[in-house]
Structure formats: structure tokens, C-alpha cells
Protein chains: 2
Amino acid sequence: MARTKEFNEDQALDKAIEIFWHKGYNGTSAQDLVNHLGLSRSSLYDTFGDKQKLFVKSLKRYQKQNLDSLNELFENAENIKTALTEIFKQAVIESLQDRITKGCFMVNSAVELAMHDPEIAKIVHDNQKVVEDIFCAAVKKGQDLGQISDRQEARSLARFIFNNYSGIRVLARAGEKDKQVYDDILKSIFALF
Amino acid sequence: MARTKEFNEDQALDKAIEIFWHKGYNGTSAQDLVNHLGLSRSSLYDTFGDKQKLFVKSLKRYQKQNLDSLNELFENAENIKTALTEIFKQAVIESLQDRITKGCFMVNSAVELAMHDPEIAKIVHDNQKVVEDIFCAAVKKGQDLGQISDRQEARSLARFIFNNYSGIRVLARAGEKDKQVYDDILKSIFALF
DNA sequence: AAAAATACGGAACAATCGTTCCTGAATTAG
DNA sequence: CTAATTCAGGAACGATTGTTCCGTATTTTT
């Protein structure tokens, strides 16, 4: 008996990801959301509750999207070391080409909010754990296949990779546009494998 | 013929650093500043102009303090590799012991503001350049003294070090309290030297 | 002592914040 | 058609935002 929803909730969430990613939580106003999502104030609050709930939902969706593509990458990878370089090279490409560089939504949120919002802190921490596990499994596989040096323990390498990924995303967020800087970092990172 | 200032401007700036570091720019209200600095609203605005100017002054002071201690560390260092490990170990100690972990004020500011405030972007970028140069000079010296492997170029290693330092500070800001995580990262980093 | 200058606390500002509510139009199912 | 539900738009909410201003107290210099 009801009118059907005219907007796609997931599409709206994708829009929310965009603007929260770009401006941060505190930097995004309710008016920004109305403008960017194309929803009315009322629809927005009826659908998502409030700003914090919308943010959490956006961040979780972003996380899922990234984890999915990360898993897919490693599943289809013949060479693990190549796959790892692809991840970093992709991050570099995004950092250089984005006219407005947004870095990583998860990293940005961790820095801005993890200390002050326990719910965000949990998401960030879970994400770290899961990504680390994915890296760790991949490294192990790579070591078994003789594609990655086993002079370092897989867990240790995984954490190291995660750390450098965060660093590069911060660099991007800070607006670094010199490809050589990224390439130098990558060169050092992969000297370890 | 004038009354003298009753508060120390530098001490007030140190207080401002504390609260901006903890809560971020957008997360810190004028009332927060009044409460934490112990100044009246009027004195605060008379002395520092406005919130943005106060933030810029705070960040610059923080930068100077850090650069000074960084330079001092390397000047007095007999062994460069040891000095580098000290820097990271110190960051880890701070990350673990701080009941409320604040990460690095410069990294936090880069993530929150560099995209949206050109003045902050310039500070962040300058800082990156200067720190990178300090690291680079130190690495070169270390390589000359045979304390650091010269399989990697100094500039590349310097950027790599900077990147990992950023990463660790993000990890701290995200609330990571597991020492093993940091130690694993450090182990990988210094396997390269 | 008089005059000049500054710090102070607090009132007050307009603007914006996130949020709620109301109205009327649109669309669906029975 | 009727009833039910959701839409959009905008008015309005109280709270908080960053900022300004004023009156008074305090201190310094002449």
C-alpha cells in the first residue's frame, strides 16, 4: 500500500562516502549531505537516522567494498609479490591522478574519530585486523610458492605492509604529487621481499 | 605606559597544541580553548587573532619543537642506525603509554586540513621536506660510517623512514596498544638497514 | 596622583550546527 | 476511489559555533 522508494539507498550511501571521505565527519554539514545526496532533509533523516549513523553506515560500506576487491585481487593472483606491487602502484596512481586527493577514507576516519567515537574505533580496529590477516595469508602463500623471501615472518611482513600503506595514504591526503617520492618508498619496501 | 602581559604566550601556545592535537581543529571549539588555555575570550582573540591563526601558530611551534629535538638527536648520535631505532622506539613508547593517544599533531593536521587550508598544506609540505632532508643527511652519514647498508639510496631510505613514521603515528592515533604490532613493523623496517 | 594601556570576565552577536516537524504532492496496493 | 506510505520542501527548533564588544579592574609610565 506504500509508495516505493524513489532513490537507491546504496547509491545514496556511495554519495555519502564521497563527501565524508572528502570533507571528513566534522567538516561535513547536514546541508552538505542534502546537497550532495540529492535527498531532502526529511528523507535523509527518515532513512538513515542521524549524521553519525549515516557516517558509520558509509564507512562500513567503504570497508566492505575495499575488502572485497582486496580478496578478489589475491584470489586471482598468480604471483603474490606482483599482486602486492599492484596494490601499491594502484594507490600511487590514485594519489597522483585525483585532482582532489582524498587519501583513504578509513585512515582519515581513524585519525579524525577513532579517539572520540568508540563505534568508529571498533570499525577501524576490525578493519586493521582483517586486512592484516589478508596480507598475512597472502604473504604465507607467496613464501610457500617461493615468490617472497621468508627471511621475515609473514605476520611481521603483513603488519609492515599495512603500515606503509597507511603512510602512503597519508602522503596522498597531504597532497604529495611527486611520483618520485612514492616510487622511492616502494623501492625500499619491495627490497625487503 | 602599558600594563604587561600576565600570561606567557608560549605557555598558552603549548596548551593550544595540547588541545588541538587531542581534538583536532574542527573538534576544538572556542570554549574548549578558553577553558584549556586559561585565558579569557577577549585576551585569546586579542592575542592570537582568531581560531585559524592560533592553530597555525600552534602547529608551527609544534613543528619547531620536533625539528629541534630531531636535529639534536642526530648531532649527538655516535651511531646513526641506533639513533634511528631510538626515534621509532620512542614513538612506540609514546603510543603505548599515552592513556589517550594523540598520534602526531602534524600527521593529524595533514589528514584533517591539508586539503582544505592552503596555509596548513604549506606547513605540512615544508615539514615533510625538512624532515626528509634531515633523515637523508643522517642516512648518508650512516652509510659513510658503514653503520647503514648502502644497498639503498639515502634519499629513498629517508622517504621510506618518513613513510613508516607516519604509518606508526596513524596506528597510535587509531588506538593500537599491542606492542607486538609495533615491534613487528620495526623489525621489518630495520631489516633493510 | 594622573593618564595611558592592557587584561579580564561576561554579555551578546549573527551564523551555522544537527535535528524535528509540518504540509502537500506523488505513488502504490487493495 | 480510498487508504497507506513516502516523497520533497521548507519552516522552525534549541544549541553551539566563532567572534565582537563593553565595562571594570589592574598595572605601568609620566
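Letters A, B, ... mirror the listed sequences (proteins, then strands); counts begin at 1. Below, all heavy atoms of this structure are taken into account, side chains as well, without hydrogens, waters or symmetry copies. These numbers come from a predicted model, not from an experiment.
In this structure, A/Lys81 is not positioned above the aromatic face of A/Phe190 in the sense of NZ or CZ being under 6.0 Å from the six-membered ring centre and within 45° of the axis.
Within residues 16-23 of chain B, no residue has any heavy atom closer than 4.0 Å to DNA chain D. Contacts between residues 32-45 of chain B and DNA chain D, defined by a heavy-atom separation below 4.0 Å, involve B/Arg41, B/Ser42, B/Tyr45, listed by number.
Residues satisfying the side-chain contact (heavy atoms from CB on, under 4.5 Å) test with B/His22, not counting sequence neighbours, are A/Met115, A/His116, B/Ile100, B/Lys102. Contacts of B/Arg159 classified as side-chain hydrogen bond (donor to acceptor under 3.5 Å, both in side chains), with partners at least two apart in sequence or in another chain: A/Asp184, B/Glu132. Every residue two or more places apart in sequence or in another chain that forms a side-chain hydrogen bond (donor to acceptor under 3.5 Å, both in side chains) with A/Ser40 is listed here: A/Ser42, A/Ser43. Remark: A/Phe160 pairs with B/Phe160 by the ring pair (Phe, Tyr, Trp, His ring centres under 6.0 Å) rule, at least two apart or across chains. Listed by chain and number, the residues in a ring pair (Phe, Tyr, Trp, His ring centres under 6.0 Å) with B/Phe74 amount to none (sequence neighbours excluded). In this view, B/Gln65 and B/Asp14, B/Ile17, B/Arg61 satisfy the side-chain contact (heavy atoms from CB on, under 4.5 Å) rule, not counting sequence neighbours. Scored by the salt bridge (charged side-chain N to carboxylate O under 4.0 Å, His left out) test, B/Glu176 finds no partners at all (sequence neighbours excluded).
Residue B/Phe48 contributes atom CZ, which lies 16 Å from atom P of D/dG18 at whole-angstrom precision. Distance, B/Asp50 CG to D/dT17 P: 16 Å, rounded to whole Å. Here D/dA15 presents its P atom at 16 Å from CD of B/Gln31, a figure rounded to the nearest Å. We find that NZ of A/Lys51 is positioned 15 Å from P of C/dT16, with the value rounded to whole Å. Following rounding to the nearest Å, B/Asn26 (CG) and D/dT16 (P) show an atom-to-atom distance of 18 Å. The nearest whole Å value for the distance from the NZ atom in B/Lys53 to the P atom in D/dT19 is 9 Å. Regarding A/Glu9, its CD atom lies at a distance of 12 Å from the P atom of D/dT6, rounded to whole Å.
Every pair passing side chain to side chain donor-acceptor pair (under 3.5 Å) that includes a residue from residues 106-115 of chain B is listed here, sequence neighbours excluded: B/Asn26-B/Glu112.
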Could you pull out every donor-acceptor pair under 3.5 Å between side chains of residues 141-148 of chain B and any protein atom, sequence neighbours left out?
unit_1	atom_1	unit_2	atom_2	d
B/Gln143	NE2	B/Ser149	O	3.1
B/Gln143	NE2	B/Gln152	O	2.9
B/Gln147	OE1	B/Ile80	N	2.9
B/Gln147	NE2	B/Glu78	O	3.1

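Using bins of under 30°, 30° to 60° and over 60° for the plane-to-plane angle, the ring pair A/Tyr62/A/Phe105 lands in the perpendicular bin.
Stretches of at least 3 consecutive Watson-Crick or G-U wobble pairs, with each checked distance under 3.5 Å, appear in DNA chain D as C:1-23 with D:8-30, C:25-30 with D:1-6.
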